[in-house]
Amino acid sequence: MIDKSIAAVEAAVADVFDGARIMIGGFGTAGMPDRLIDALIAHGAKDLTIINNNAGNGETGLAALLKARRVRKIVCSFPRQTDSHHFDALYRAGEIELELVPQGNLAARIQAAGAGLGAIFTPTGYGTLLADGKETREIAGRHYVLEYPLHADFALIKAHRGDRWGNLVYRKTARNFGPIMAMAAKCTIAQVGEVVPLGALDPEAVVTPGIFVQRVVATGDARRAAA
Amino acid sequence: MIDKSIAAVEAAVADVFDGARIMIGGFGTAGMPDRLIDALIAHGAKDLTIINNNAGNGETGLAALLKARRVRKIVCSFPRQTDSHHFDALYRAGEIELELVPQGNLAARIQAAGAGLGAIFTPTGYGTLLADGKETREIAGRHYVLEYPLHADFALIKAHRGDRWGNLVYRKTARNFGPIMAMAAKCTIAQVGEVVPLGALDPEAVVTPGIFVQRVVATGDARRAAA
Amino acid sequence: MNRLDREQMAARVARDIPEGAYVNLGIGLPTTVANFLPADKEIFLQSENGLLGMGPAPAKGDEDPELINAGKQPVTLLAGGCYFHHGDSFAMMRGGHLDICVLGAFQVSERGDLANWHTGAADAIPAVGGAMDLAIGAKQVFVMMELLNKSGDSKLVAECTYPLTGLRCVSRVYTDLAVFDLGPDGASVIEMVDGLSLEALRKLTGLVLRDGRASVCIPE
Amino acid sequence: MNRLDREQMAARVARDIPEGAYVNLGIGLPTTVANFLPADKEIFLQSENGLLGMGPAPAKGDEDPELINAGKQPVTLLAGGCYFHHGDSFAMMRGGHLDICVLGAFQVSERGDLANWHTGAADAIPAVGGAMDLAIGAKQVFVMMELLNKSGDSKLVAECTYPLTGLRCVSRVYTDLAVFDLGPDGASVIEMVDGLSLEALRKLTGLVLRDGRASVCIPE
């Protein structure tokens, strides 16, 4: 019997190694796997490269990981926010590397990794600073920039419900990067509100098929609102 | 009020023009929009380029469109089947052009069109006849072929249920190419078993958001099996 | 001279959004356009973080931290709306599926180049978000901004001096003083506030500015 | 010499598929491997037309034309299985998410080139389906085929003469006479049927064939 569910959040991240490339789901705090990040901080892995849309908000989650100085480099689209002071301080001190990627290229590069593509020509960013030095090409009268896939060793994501085969459904806009990050990482670890019995998820409504998920941790704090 | 549902299947395909590029959903007969194809045959548009996984089965649907000699070219992955005799005859007579595309490249090129990419480097087909004359590149030690997006003027697809905003859900393996073709065509026309009231489709389970669908035609013959 | 205030600008933009349009409203000022969309028309608002059919802000106490817009403010979902992941969301943008996107700007060039993500200041922390995707993806890109910056310089310019977001992508600019159509031949004025002359507007912007007031048909 | 029949070959392949593996079984002979997977192990079968967790054929009368496999035969879905579209399905393959795929072949070269889609005959209608995606995508590609064709020529060859499906992609070949591991250094024999000698096998194939019988550990 295959059971990808893991009881302890600590065990779920136990094999994260120093220098790992880690995707972390979430758009701001919606969909951010806070419990997995807390466990990662406790675990102690350092020199990490983090791929996330943002660079932390306030004091918790990714911001706390940054504050703990575990992150060498961050790949994101929107680091500057009113409450991104931990990132801001590290950045201004030259203590963190930033690779700024337009949000749609971030998504497309993550998808390219998941789908096994070698590179993609994307129109986003053409003619801007963020395409400086990159290969470009005109195709059918339009200009494109060549962008490469973003792979990761681990993806930490948050979903609403999961089952022991790793199938996932999400909740509202907390879905965001979860499904595409799950496809792009060697090991995807999903924090879910609850693990439901096999067959309880509608096979037509599963968003992330279990093949893309290696571990599922129930936190028991699923929102039970409208959805 | 926006209502994309159309009562008559004939009206749904009335503006298909001679020489149009048309994607047709389906894997074999599962997901094939038979009613829309019948209407297209009655409509009379000719010199069409058809993008489908196959090249018709038996006497109905795409096979009937081929038999009626409306198709100049077909782009597909698997034309040769035990019951693809109409295609076979046209092909052997030199009366239809065939662009053979590996199934995953067919899907990826359709997705590239829907997502606005200019081209993709795909590993599939590298070193084979189907990459002859195509640009190739080694990226991170692996070989890739450059493939271009497949766009279409129309997509004719079959879904299970739709609403007046064009949101769609599918049924079992009839889903196949429907969602990605809907994203790649200028005008997507969906044949659905039934049109349900707005809000009746679970917003977490909508597979094709209405933005990708221009017309919905209810055929009233939805399978009401298990799903 | 009846300079439009920000609400009037938002209302003016809203007038040009037809029923059935798929629209993305950028963070900040463009977000307020939603307040002026007519209640009797169905217009589809998309948010880059994965929803289509975005409704108004929830009642106090009904906020859901997992139902937010691109500005991370709580929103609602209309009946008929739906959720999707970031891949599909940006395919909507990049793939040309949105009819209109409305963005703010630091500068717009008369041929439609957009600068709205980075001041270029040496100590600024750069952040781009979805701006570059929206700029090049929607069928029409509208910019709304005050025409002059705090120093009194026109933000509609011959060539942008700030770092670009996208090239030749803006089709129309709504300002507090006038509305401009942009294209390969430069800007034309399609509306001005009462009391402003084309000559005065040319002086303010330093641009040639064709007169497009007669030839333009504004969609209802 | 105890030549394996097709059922025995399928059973032999099934023995090498571990619990928890994500597996795609190609059309034709490979499909029969499903019949020999142990009922007490959970193994995930993927079908290119958009399902994971494929179950056995339905009972007569329960067939659903919208629930089929890649060979267009009616199948069932296990509890815990799910559906997805073709983009996601081929991302599973191309992206390296499948552990094993099992394919038939016209020819396999000793270094793992695969030819299984086209005989190259001038009058043949070519059809490729998902073969090229499966060949290059799965972590391990197993081929099952009879070692000799009808003319008695080995289908395991130094270089394929039929048009290729993929380069250096096959890791193991199961035949009616022997099981071979393939790699950059050529083929090694890891099992043979009773009564067959390595020398006889070298003669049948015309290949050097290293002896890998001791060094290989077959997964349970």
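Just so we're on the same page: letters track the sequence lines, and every chain starts at 1. Remember, predicted model here, so these are calculated numbers, not experimental data.
- Classification of Glu147(B) and Lys134(B) as a salt-bridged pair holds, one side-chain N sitting under 4.0 Å from a carboxylate O.
- When atom types are taken as modelled, the side chain of Ser47(D) and the backbone of Ala70(D) share a donor-acceptor pair closer than 3.5 angstrom.
- Only the side chain of Leu98(B) has a heavy atom closer than 4.5 Å to any heavy atom of chain D.
- Using a 4.5 Å heavy-atom cutoff, the side chains of Ser154(D) and Leu148(D) are in contact.
- If you measure heavy-atom distances from Asp88(B) to chain D, the contacts under 4.5 Å come from both the backbone and the side chain.
- Asp113(D) does not touch chain B: none of its heavy atoms, backbone or side chain, sits under 4.5 Å away.
- Using a 4.5 Å cut-off between heavy atoms, Tyr83(D) touches chain B through backbone and side chain atoms alike.
- Val101(B) touches chain D through its backbone: at least one of N, CA, C or O sits under 4.5 Å from a heavy atom, while the side chain does not.
- Proximity to chain D (any heavy atom under 4.5 Å) is restricted, for Tyr91(B), to the side chain, taken from C-beta onward.
- Considering only heavy atoms from C-beta on, Phe180(D) comes within 4.5 Å of Leu201(D) through its side chain.
- Only the side chain of Ala107(B) comes within contact range of chain D, judged by heavy atoms closer than 4.5 Å.
- Distance alone, capped at 3.5 Å, places no donor-acceptor pair between the Thr188(B) side chain and the Ala155(B) backbone.
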